[in-house]
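First listed ligand is number 1; within each ligand, the first listed atom is number 1. Residue numbers count from 1 along this sequence.
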Amino acid sequence: MKVYKGVSASPGLVLGQVSRLEHHVETFSHGPFNPERELRLLANAVHTAQNELDSMAERAAPTEQAIFLFQSMMLDDEGMMNEVRFCINAGISASAAMHQVGQRYADQLANMKDNPYMQLRSVDILDATRRVINILTNRPRVWLALDHPVILAADRLMPTDLFSVPSGMILGVITAEGSGQSHAAIIARAMNIPGIVQVGKDFLDDCDGRTVILDATNGNCILDPDAVARQQAEASICQLQREDAEMKQLHSLPDETRDGEPFELLANCFGPEDIDTAMQSGAKGVGLLRSGYMMLPGRILDEQEQYFFYCSCLAAANGCPVTVRTFDFGSDRTVADANQGPQSSKLGLRGIRNSLRQPQQFQTQICALLRAAARGPLRVMFPMVTEVEDWDAAMSIVEHCRQSLRERGVPFNENTQFGVMLSIPAACLTVEDFIAHGCDFLVIGTNDLTQYTHAADRELASAEHYYRPASPAMKKLITMVMDAASAHHVPVTICGLAVGNPANTAQYLHLGLRSFSVSPQNLLKVKQALLDTDAHPDAGEKD
Ligand SMILES: C=C(OP(=O)(O)O)C(=O)O
């Protein structure tokens, strides 16, 4: 028995036989090739690859769908595909051109050390281009013929590898390299396949055909376990299966309060990865996407990069709505090359105040959002709005962006919904004005609203006593918002850490809220609290 240490990438514990997966090394013959023929072959291969990816997406859970749809979209990317066609016109074969350009794009993203999100996309580009190349070279896209379930081991896994073997045949995955943030790891988590990464090359050289306990809780791969280790693992596997069944039961219950009132459970997220987690825990969409975090602490992404990011968030949400908060820079939130302005503080130029002073940066974000909104139900909200002047100023920039996209002939969603994140008491007190000026929806941000209502810095332990998100003052402000919103049929969501506390959730429910956005790990806890609460606790007494 020998224990190899790695890093857990997908939770779980399994016992099984290892099968090693080897990736093909590309070699290409030299031309010259007939460009016309190669362009035709390329178009057909891309078409077939996209069909394959789309059909994988159809079979897949939301997480994998996001990744496959992203890969399929990459094969539509004008910039990349124009470069491939340019190489073909220079006499290179379609497969070599695809390899060259795909590798270069992947390398560019892999080198964005300051941006882990873009680094992740690098493997997707390689995976998508590998598919096209395999089609062009008549290579199979199914890698292993398996007759019994195995633990798959490889140097690293590509996202579609887990779909390249018949479903149910993978007990677990172990990679010598890779990261827990890789798409293969995300897919493993989504498919409930336990996984460990970074076990090292020695394990790979040793493992093929042998028995392993893959213990992702401790990051251990136990090769040739003895009888005691086997027995312990089998007992733990049974226990985990029981716990899993209990979670699934809660998940499958309808989103209704004890007295039958429907509610909407959304998630507060940072990007596609935690959107995946949220969707698996039963979220019906994203109530708050904190957009700025995709580039912290790096640089501001350009319009195309942001467009891809928002599209992959939409794909991860699998047709459910995603509410994106425009950048909330300023105060504690910084990006190296985002000009914060001279007066950045909690009471200074944060959120929309900052965006309005950086019109170029704001327009880039709005254009990317309007474009992404053509690909799915994406809505946009502005943070740190004080009074209606901020709203009007922001919406005039939105109009300017619409005009510029029309002139550029770029498709976008003309009817994208825009809303206000209510984090300042002044905005709650004047909420009617936003509605009168065309605000489509409202999101109450309890973290900041509590901070500004109670003049209690949310990060200051000494002010904690004054920081009360369910206080009478908060209740009054929320009631004011709810009255105005219901009079004009404007939807309201409430988000923030306080909503994840079941005691507060019940109070917010009684104030009329039916849409709750919480962090992914609190979703089931909040769901349980709402299932156990009556929306109208006095209704029975009146009867
Ligand atoms: C969720 C909120 O936003 P953040 O925590 O990102 O400031 C909020 O203010 O309630």
Side-chain angles (χ1 to χ4, degrees), residues 264-271 274-275 278 283 285-297 313 321-335 338 340 344-355 365 379-386 390 419-428 431 434 441-460 463-464 466-471 473-475 477-478 481-482 492-501 503-505 507-508 511 513 515-523 525-526:
E264 179 185 50
L265 210 44
L266 306 170
N268 303 336
C269 295
F270 295 94
D274 60 346
I275 296 179
V286 178
L288 166 66
L289 182 82
R290 294 173 164 110
S291 65
Y293 285 77
M294 64 174 150
M295 31 213 155
L296 293 180
C313 290
V322 175
T323 301
V324 181
R325 177 174 72 186
T326 56
F327 298 146
D328 192 12
F329 297 139
S331 178
D332 53 327
R333 299 118 199 254
T334 54
V335 164
Q340 310 283 310
S344 172
S345 93
K346 282 204 166 73
L347 296 175
L349 303 183
R350 249 193 66 187
I352 197 69
R353 302 173 179 186
N354 188 296
S355 294
Q365 180 172 37
R379 22 179 238 179
V380 182
M381 67 175 166
F382 307 126
M384 248 341 236
V385 171
T386 316
D390 287 341
V420 168
M421 181 159 190
L422 296 167
S423 43
I424 301 180
C428 297
V431 70
F434 298 110
F441 65 94
L442 298 161
V443 175
I444 300 171
T446 57
N447 294 347
D448 278 336
L449 190 58
T450 307
Q451 157 168 272
Y452 295 127
T453 301
H454 288 259
D457 190 323
R458 54 193 267 194
E459 277 146 80
L460 216 57
E464 210 171 295
Y466 295 98
Y467 186 89
R468 296 196 294 127
S471 67
M474 285 291 286
K475 213 166 152 178
L477 285 173
I478 295 172
V481 170
M482 294 310 291
V492 188
T493 296
I494 191 160
C495 71
L497 289 175
V499 188
N501 174 344
N504 298 331
T505 320
Q507 177 170 328
Y508 298 141
L511 292 176
L513 282 144
S515 173
F516 305 87
S517 190
V518 301
S519 55
Q521 55 276 25
N522 284 334
L523 278 161
K525 191 170 66 170
V526 170

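- Neither the backbone nor the side chain of L497 comes within contact range of ligand 1; no heavy atom lies under 4.0 Å.
- In this structure, the side chain of Q451 does not engage the main chain of Y467 through any donor-acceptor pair within 3.5 Å.
- Below 3.5 Å of separation, one finds an N or O of R325 facing an N or O of ligand 1.
- At a cut-off of 3.5 Å, with distance as the only test, no side-chain donor of N268 or S519 sits close to an acceptor on the other residue.
- Contact annotation: C495 has at least one heavy atom less than 4.0 Å from an atom of ligand 1.
- The backbone N or O of V499 lies less than 3.5 Å from no partner atom in the side chain of N504, so there is not a single donor-acceptor pair.
- For the pair T493 (side chain) and F516 (backbone), a donor-acceptor distance under 3.5 Å is absent.
- Numbered from 1 in the order shown, with element, the atoms of ligand 1 that lie under 4.0 Å from a heavy atom of T446 read 10 (O).
- Across the listed options R290, M384, M421, R458, R290 owns the non-hydrogen atom lying nearest to atom 6 (O) of ligand 1.
- Note on D457 versus K346: salt bridge recorded, some NZ/NE/NH1/NH2 to OD/OE distance being below 4.0 Å.
- Not a single heavy atom of Q451 lies less than 4.0 angstrom from ligand 1.
- Ligand-side atoms of ligand 1 in range of L288: 1 (C), range being under 4.0 angstrom from any heavy atom.
- Residues D390 and R353 are not paired through a salt bridge, judged by the lack of any N-O separation under 4.0 Å between the basic side chain and the carboxylate.
- Taking distance alone, with nitrogen or oxygen atoms compared against 3.5 Å, D448 approaches ligand 1 more closely than that limit.
- Under the 4.0 angstrom criterion for non-hydrogen atoms, N268 is not in contact with ligand 1.
- A donor-acceptor distance shorter than 3.5 angstrom exists from the side chain of S291 to the backbone of R325, with no hydrogens or angles considered.
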